[in-house]
Protein chains: 2
Amino acid sequence: MYNVLTREAILDAALELADERGLGAVSMRAVAQRVGVTAMALYPYVGSKEALLDGLVDRLLASVLPDTVGDGDWRERLRQGGQAARALARRHPSTYPLLLSRPAVTPDAVRVVDWIYSLLLEAGVPPREVPRLERLLSTFVLGYATSEVNGRFSEGTLNPRARRAQLPADQVPAHRRLAKWLDDPVDWDAEFEADMDDLIRLIERAAA
Amino acid sequence: MYNVLTREAILDAALELADERGLGAVSMRAVAQRVGVTAMALYPYVGSKEALLDGLVDRLLASVLPDTVGDGDWRERLRQGGQAARALARRHPSTYPLLLSRPAVTPDAVRVVDWIYSLLLEAGVPPREVPRLERLLSTFVLGYATSEVNGRFSEGTLNPRARRAQLPADQVPAHRRLAKWLDDPVDWDAEFEADMDDLIRLIERAAA
DNA sequence: ACCTGAACACCGTTCAAGT
DNA sequence: ACCTGAACACCGTTCAAGT
């Protein structure tokens, strides 16, 4: 360790900081301190703070790539890919939501898209439909994992009674009809599997 | 206009600021200036900046609600709801992505969820499956609209040649096979409609 | 060539002070 | 009761200066 300052070392430090203390703690000054330098020394390597965040997104994509080789038929590989995407969200909850806000244009991003394209072609989806279904799949998986780590689902669903209590029952008639099922705790792994099964059937139908 | 300072007036100003100059321009000081007061005067009304952002999310949800009455059968109402969600994203591109990161616990959020629940019940989905399919639908629609306004789709897809050029062709074989279709411009309205049709079939299958 | 220090124009938030 | 001013501990970024 000769303490060489590199773009890689800076991105490592920024990702660690985001994992440990949240995205809000990722300031140029804090990242710089972690690599033992002043904030201004980072600029030649990362350009700007925006570019640094883009670099983090690329890091995440690069780290799912090994999980996208997989074996088995396309159904099995798709399920594995979905699980990899969710696992990534749990490892990097603060950084993960950025995947939905920044365009997938880096080499590693293109590789991931290509992996999904291959899968859909193997499934027999007409080539014309492949780009659309890739966007449908990736949007759902990224959105679901983002919702999970951001608490969009759990916060409200874990307390359905409190939720309904905010409103007169006649204003939320469907909640009342579903009361029995809304009180059950949700198995998120099982729900995601069920969603993937539904999407697999959607793909099979597009292929037919 | 007696210049009364209210929570509503503050949220109005913040949303305008976000629409005109982006979420980054929404500082306590800038919002305060717009309502003609100092930053500290806002605190009794909004609590903190985080709470102010939650207030903005609620504002967006409140503004889609009128569009969720709708007529026709559940298929037509679902399509209308999806279009309303996309239109909202185009009106408030900076604020919209917050919908995926903050739990839907406010009264208006619960009303929107209840509207989707009703739709799925009318479609004949077994009550046990309704909450899961609500999350599948809302996640996809929010994720798709977020991706559109954030440029996750268009940036890369509008320039497919540049995209493939970054990598040796043998590393992205599926891109090569799809070259003919990737060069076509995408009709995003039509694509979203096709996605909704696929999701409607998915729901019909769950109801069968 | 690579890094630093000082500076500029900002942040969110606390708190005593004003009216 | 409601708002302000000054202050604290921060930001991202520029730029001249150091080695």
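A note on names: the letters A, B, ... follow the listed sequences, proteins ahead of strands, and every chain is numbered from 1.
- Remark: the backbone N or O of A/Glu8 is paired with a side-chain donor or acceptor of A/Arg59 at under 3.5 angstrom.
- The environment of CZ in B/Arg21 is sparse: at most 12 heavy-atom neighbours from other residues, nucleotides or ligands sit within 6.0 Å.
- Nucleotides of DNA chain D nearest to A/Met40 and A/Ala30 differ in position, and the one nearer the 5' end is that of A/Ala30.
- Counting to the nearest Å, the P atom of C/dC2 and the CZ atom of A/Arg7 are 16 Å from each other.
- Residue A/Tyr43 places its side chain closer to D/dT13 than to any other of D/dT13, D/dC3, C/dC15.
- A/Tyr45 has a side-chain polar atom (N or O) that falls below the 4.0 Å cut-off from OP1 or OP2 of C/dC3.
- Only the P atoms considered, C/dA9 is 22 Å distant from D/dA9, to the nearest whole Å.
- Note: A/Asp114 CG to A/Leu119 CG = 11.0 Å, rounded to the nearest 0.5 Å.
- Atom C1' of nucleotide C/dC10 and atom CG of B/Leu17 are separated by 15 Å, given to the nearest angstrom.
- Going from atom CG of A/Leu52 over to atom P of D/dC11 covers 14 Å, rounded to whole Å.
- Residue A/Leu23 contributes atom CG, which lies 13 Å from atom P of D/dC11 at whole-angstrom precision.
- Not a single donor-acceptor pair under 3.5 Å links the side chain of A/Arg111 to the backbone N or O of B/Val172.
- Mapping B/Ala25 and A/Ala41 onto DNA chain C via the closest heavy atom, the residue that lands nearer the 5' end is A/Ala41.
- Minimum atom distance to the side chain of B/Val37 is reached by D/dC3, of the listed D/dC3, C/dT13, D/dT13.
- Atom pair A/Leu42:CG and D/dT14:P shows a separation of 13 Å (rounding to whole Å applied).
- B/Met28 comes within 4.0 angstrom of sugar-phosphate atoms only, judged by non-hydrogen atoms across all strands, and of no base.
- The side chain of B/Ser27 sits closest to C/dG12 out of D/dT13, D/dC11, C/dG12.
- Other residues, nucleotides and ligands contribute over 12 non-hydrogen atoms within 6.0 Å of the CZ atom of A/Arg75.
- A/Tyr96 contributes no side-chain N or O that, together with a main-chain N or O of A/Asn150, makes up a donor-acceptor pair within less than 3.5 Å.
- For A/Leu5, counting side-chain heavy atoms from C-beta on, the closest listed nucleotide (D/dT13, D/dA6, C/dC3) is C/dC3.
- The side chain of B/Arg29 sits closest to C/dG12 out of C/dG12, C/dT4, C/dT14.
- No donor-acceptor pair under 3.5 Å is formed between the side chain of A/Thr139 and the backbone N or O of B/Tyr144.
- In secondary-structure terms, DNA chain D builds stems of at least 3 consecutive Watson-Crick or G-U pairs, each pair having both distances under 3.5 Å, at C:4-8 with D:12-16, C:12-16 with D:4-8.
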